[in-house]
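Here the structure is a predicted model, which means the values were calculated and not measured.
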Amino acid sequence: MTLIEKLENATRLTYEDGIALYDLDILTLGKYADKNRKERFGKKTYYNVNRHINPTNICKDVCQFCAYSASRKNPQQYTMTHDEIMNTVENSCKNGIKEVHIVSAHNPKAGLQWYLEIFSKIKAKYPHLHVKALTAAEIHFLSEEYNLTHENIIDLMIKNGVDSMPGGGAEIFDETVRKKICGGKVTSDQWIDIHRIWHNKGKQSNATMLFGHIESRADRIDHMIRLRELQDETNGFNAFIPLVYQKENNYLKVEDFPTAVEILKTFAISRLILDNIANLKAYWVTSSIKLALIAQEFGANDLDGTIEKESINSAAGASSSNGMAQNDFIDLIKNSGFEPIERDSLYNELN
Ligand code: V47
């Protein structure tokens with residue numbers, strides 16, 4: 001069967017097919033990705049009203065792509081107190097947030113209790129707020145620091161009120177590239193195994209892929225296939241989120257950045273390869289809102305949310321530090337020909 005025949009029949013695509021997809025022209029790829037998206041979601045585009053909180057930027061690891069953690073390039077260290085975090089949540093609740101997305105650096109001084117009490121305090125005061133917190137990278141850091149297993153940490157997260165896991169820390173699974181960009185932190189196999197344990201507890205999570213740096217197209221396809229294999233096993237991933245690499249204030253030397261065409265092709269290919277992950281999120285923070293709106297025609301059915309404040313990607317050059325107003329978000333989706341639907345964190349439709 002030719003590649004086009006496979007696309008016509010929605011046959012599952014192999015690793016080799018994935019690489020060959022990049023040689024198709026963008027409009028052909030867009031046609032099949034859009035067909036798939038429209039069959040599942042029509043013109044609906046999901047967003048949620050959320051708040052990102054990044055409670056500390058002190059990190060024991062040094063990822064070459066990261067501009068957020070305190071270092072020579074960013075000497076402004078901070079660790080929020082629980083009171084500061086609770087005030088932030090209180091203010092955001094007045095804006096109608098449904099989710100807090102809490103991701104931190106790997107701070108050896110903060111203590112396991114400091115991490116866990118963030119969740120238990122929020123949950124005690126706002127039981128209906130969805131707490132999405134701790135990436136697999138943070139779970140691995142905490143397990144090493146406190147001599148506990150990944151499962152021990154996961155059980156503590158659940159006990160303290162974490163509802164779902166964000167998809168961060170996946171970066172690129174290929175071991176050679178991973179060693180160069182973030183050697184020393186959670187390995188690819190550990191990242192996958194942590195999500196497997198989480199899913200086996202009946203919980204859901206997301207998966208990211210950081211692209212547009214030193215990885216190859218083949219590395220991206222390999223990353224997607226490894227996620228697809230876990231999803232076949234557990235069905236615990238809600239969304240796949242390709243993150244476009246931001247280049248400012250970090251240590252990674254990158255010469256060639258992906259063009260808009262390469263980014264849109266990557267969205268379309270994600271939609272086609274990941275036939276078992278329903279939602280494809282165009283995270284406007286890293287793709288820019290303009291490209292995220294276009295990505296709706298290349299397979300994306302979710303634009304993440306209002307965010308309110310964002311520190312990780314904005315430190316590396318993204319213009320996302322103050323999030324986006326909900327009305328602006330809705331208007332942008334409508335004006336691009338799609339139907340904005342507010343969702344909760346587990347993709348139930350709200351409005
Ligand atoms: O894991 C760090 C990435 C991630 C840079 O699960 C960078 O719903 C681009 O995972 N350029 C954290 N990216 C953000 C994240 C996320 C975001 C939105 C939604 C969800 C979700 C998850 O940010 C890190 C890393 O891959 N990152 N530095 C950079 N220079």
Could you list the residues that satisfy side-chain contact (heavy atoms from CB on, under 4.5 Å) with [X], not counting sequence neighbours?
X    : result
N36  : R40, R271
D331 : N335
L332 : I289, L293, M324

Answer yes or no: does atom [atom1] of [X] have more than 12 heavy-atom neighbours from other residues, nucleotides or ligands under 6.0 Å?
X    : atom1 : answer
K201 : NZ    : yes
K159 : NZ    : no
K290 : NZ    : no
N147 : CG    : no

Taking C-beta and beyond as the side chain, do [X] and [Y] meet within less than 4.5 Å on heavy atoms?
X    : Y    : answer
H106 : E145 : no
F65  : I214 : no
F211 : T266 : yes
I225 : I221 : yes
H195 : L230 : yes
F267 : I294 : no

Legend entry - Distance-only donor-acceptor check, side chains T306 and Q326, under 3.5 Å: no
Inset, instruction - For the pair N279 (side chain) and N238 (backbone), establish whether a donor and an acceptor sit closer than 3.5 Å, ignoring hydrogens and angles. - result: yes
Inset, instruction - Could you tell me whether E297 and R37 make a salt bridge, using a distance below 4.0 angstrom between a side-chain N and a carboxylate O? - result: no
Inset, instruction - Would you mind telling me which of L134, V162, I122 makes a side-chain contact (heavy atoms from CB on, under 4.5 Å) with I102? - result: I122
Legend entry - Over-ring placement of K247 relative to F257, 6.0 Å and 45° cut-offs: yes
Inset, instruction - Can you tell me which residue pairs pass the salt bridge (Lys or Arg N to Asp or Glu O under 4.0 Å) test with a partner in residues 6-18, sequence neighbours excluded? - result: K6-D17, R12-D232, R12-D275
Legend entry - Summary of salt bridge (Lys or Arg N to Asp or Glu O under 4.0 Å) pairs that have at least one residue in residues 123-139, sequence neighbours excluded: E90-K125, E99-K132, K123-D163
Inset, instruction - Report the residues that fulfil salt bridge (charged side-chain N to carboxylate O under 4.0 Å, His left out) with D174, sequence neighbours left out, ordered by chain and then residue number. - result: none
